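What follows is a short report on a single structure.
By convention in this document, chain letters (A, B, ...) are assigned in the order of the sequence lines, proteins followed by strands, and residues within each chain are numbered from 1. None of these values were measured; they are calculated from a predicted model.
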Amino acid sequence: MLEINNLHVKLENENKEILKGLTLSVEAGSVHAIMGPNGSGKSTLSYVLAGRDGYTVTDGSATLDGESLLDMEPEERAAAGLFLAFQYPVEIPGVGNMTFLRTAVNAQRKARGEAELSAGDFLKLVRAKAKTLKIDAEMLKRPVNVGFSGGEKKRNEILQMAMLEPRMCILDETDSGLDVDAMKLVSEGVNALRDAGRAFLVITHYQRLLDHIKPDVVHIMANGRIVKTGGPDLALEVEKNGYADILAEVSA
Amino acid sequence: MTAAVATSPRAARLAARLQATQERMAKVPLPASPGWLLRAREGAVARLNATGLPEKRDEYWRYTDPAALIAPTPPSVDVFEITDEPLVFDHVDRLRLVFVDGVFDAAASDPLEAEGIEISRLAEATDIHWAQDLYGALEARAQAPVARPLAALNSATATDGVLIRVTGKVDRPVSVCYLRRKAASDAILHHVLRLEPGSEMTLLENGPGAARSSIVSEIDIAEGAVLHHVRTMGRDHQRIGTTHLFARLGAGARLKSFSLSVNGRLMRNEAMVWMTGKGGSAHIAGAAMGDGAFLHDDTVFVTHQAPDCESRQVFKKVLRGGAVGVFQGKILVEQPAQQTDGYQISQSLLLDERSQFLAKPELEIYADDVKCSHGSTSGEIDADHLFYLRARGVPEDEAKLLLVLAFLAETLDEIDREDIAEDMRQRLRGWLERHR
């Protein structure tokens, strides 16, 4: 589903290469995890895939179902089925959460040539999904993420994911800033979306999240590249021994 | 050497200005008026002759050149007709008063009667009239600490206006519509409103109504009375004009005023508010959007003279294509006005690098136990906000539109009636869609 091949990326304003030939393949129905030390380029990877400004791709490719993501605008990537759950969801004063969700859902439907949801159908859908994530009506009425706690922001990300039903979900350190209960809630939200036609790329520092969202494949990322790939056991190894052993082994 | 009186260049300029003003006013006939009104007009002429007409070099006019506003004749500009959307407030059940190029249109207006309200026209004012204590009085009071000669000029020469006295709680808004049919016209209108204790009304105004307009409103809001005011000036691209809103609030009185201004070559809205009784509340808000040859100036002065009052000034501007936004705002808290809660925010969103925002926010506080805050910012659309919306599939244009509306939302919050706020929101959206 998601194919990344020899991806090289540098910062637009500095001559600093962040991704240095990253190759990764995520197949439909699977959950892949990317782990790695700070500064290894994990968040850059998620931003480049989602289409944020400020990066220059100097080589390589990234495709979703064979279509080049790198040639698309961010909204086109979203309509194609890509979703990034942000590490730091932004607060947008003045834009109501509900207006935002409805605009996003209908814009994507429109881009895909589907009929827009009526106000009534949308409301029913959003209420049902919000309930399972324990997002109350008050939170839906507020401006996007304004005054939300860290946990509420992350739940709001998962709500957006549930509403938009993307096929390729990237979760960028969704566990950061979450307490145990919130992590459980968020993970349940993600697990409920697991499906044969959908794939997940879970970026995390810690193995903790992977206790709740069980990955099929674990990648270790360092210095802008995937340096090791394995099964769920690899995450446990990191948890036990840290990254140093793996990195030493790889560079040996 | 000849003996000469030493004259500084500054004093010489002032003398020349006063002379020019006096010569001009000597030639201007005052509209036929009953005795009390004629005396008020003569008083205004005297005030004007003492200060002279404004010049760009005046501190109070440093950002906005008044030359076109005081030129002997109005500009001649294309008549602009709105055909692609209903007129503002058309959906609102209201008492409608229509002025075309500054002239009252009786056929297009509703009868001047409503329960709880007395309405008459300035041009038909009689000798015995409740408005005689007010006409020109608040304008005169507003001449200090800064002279407002254009308001005095209006008091002297206004040809018409509405005089409204409110005695009860009135649900149905009074709506003054200004229409324009002539290429060159001057509308000089002067309204007087007196809200008796405990009364309440909504005043709506729409349309620039002339190639050049000057509209003064003197508003006296007695104890516990409430005035809701929503004003729009829209889409007539080349109009120029000024408005002055002078409001005196008694104890527990409330004023909520919102102005929407779109397009227009030169527009200055001045507001001067006095909080004279304990526990009053005044909110003055404005949203302005301009593209290209546009200058909108909000000049606001709120004076707290009594304790426990609250005031808010909320002004936001969206500018592109070299448009200019001006804000001059002041909160003056006099010594007796303890426990004042004053707030002032002026912000602009610059949609390109050619546009500019000029702001002069001021606080002057003589009471020692008050809460006052002010802020002024100027910036572009936040790139992180834009990316977040786009990453969720919202196309760039629509995302920008949402963010601009979000930026203006705080001003719309100052409109109490949700149907009117929604109408304003649609106007803003319409403008943004036309000016992508």
- Verify the neighbour count for atom CG of B:D171: are there more than 12 heavy atoms of other residues, nucleotides or ligands below 6.0 Å? no

- Item | Closest non-hydrogen atom pair, B:L402 against A:V95 | O-CG2, 3.9 Å

- Query: Atom CG in B:L389, atom OG1 in A:T103: separation rounded to 0.5 Å?
  - Reply: 8.5 Å

- Can we call the ring centroids of A:F86 and B:F387 under 6.0 Å apart? yes

- Message: Looking at B:E380, I'd like to know if its CD atom is crowded, meaning that more than 12 non-hydrogen atoms belonging to other residues, nucleotides or ligands lie closer than 6.0 Å.
- Response: no

- Message: Is A:A50 close to chain B through its backbone or its side chain, or both, or neither, when contacts mean heavy atoms under 4.5 Å?
- Response: both

- Within 6.0 Å of NZ in A:K134, more than 12 heavy atoms from elsewhere: no

- Where on B:E398 is there a heavy atom nearer than 4.5 Å to chain A: the side chain, the backbone, both, or neither? side chain

- Query: Crowded around A:R112 CZ? As in, over 12 foreign heavy atoms under 6.0 Å?
  - Reply: yes

- Item | Which portion of A:R52 sits near chain B, non-hydrogen atoms under 4.5 angstrom | both

- Counting only heavy atoms not in A:E12, do more than 12 sit closer than 6.0 Å to its CD atom? yes

- Message: With a 4.5 angstrom heavy-atom cut-off, is it the side chain or the backbone of A:V144 that approaches chain B, or both, or neither?
- Response: side chain

- Item | Neighbour count above 12 (heavy atom, 6.0 Å) for A:D121 CG | yes

- Let me know if A:E91 has heavy atoms under 4.5 Å from chain B in its side chain, its backbone, both or neither. backbone

- Query: So does B:Y343 have more than 12 non-hydrogen atoms from other groups sitting under 6.0 Å from OH?
  - Reply: yes

- Task: Considering non-hydrogen atoms only, spot the tightest contact between B:A406 and A:P93 and give its length.
- Result: CB-O, 3.4 Å

- If you draw a 6.0 Å radius around CD in A:E67, do more than 12 non-hydrogen atoms from other residues or ligands fall strictly inside? no

- Item | Residue pair A:E75 / B:V394: nearest heavy atoms and the distance that separates them | CB-O, 3.7 Å

- Note on the structure: The reported gap from CZ in B:R390 to CG in A:D53 (rounded to nearest 0.5 angstrom) is 7.0 Å

- Message: I need the minimum non-hydrogen distance between A:A107 and B:G393, along with the two atoms involved.
- Response: CB-O, 3.3 Å

- Task: Check each atom of A:P89 against the heavy atoms of chain B and say whether the ones under 4.5 Å are side chain, backbone, both or neither.
- Result: both

- Message: Using a 6.0 Å distance limit plus a 45 degree cone around the ring axis, check whether B:R392 lies over the aromatic ring of A:F83.
- Response: yes

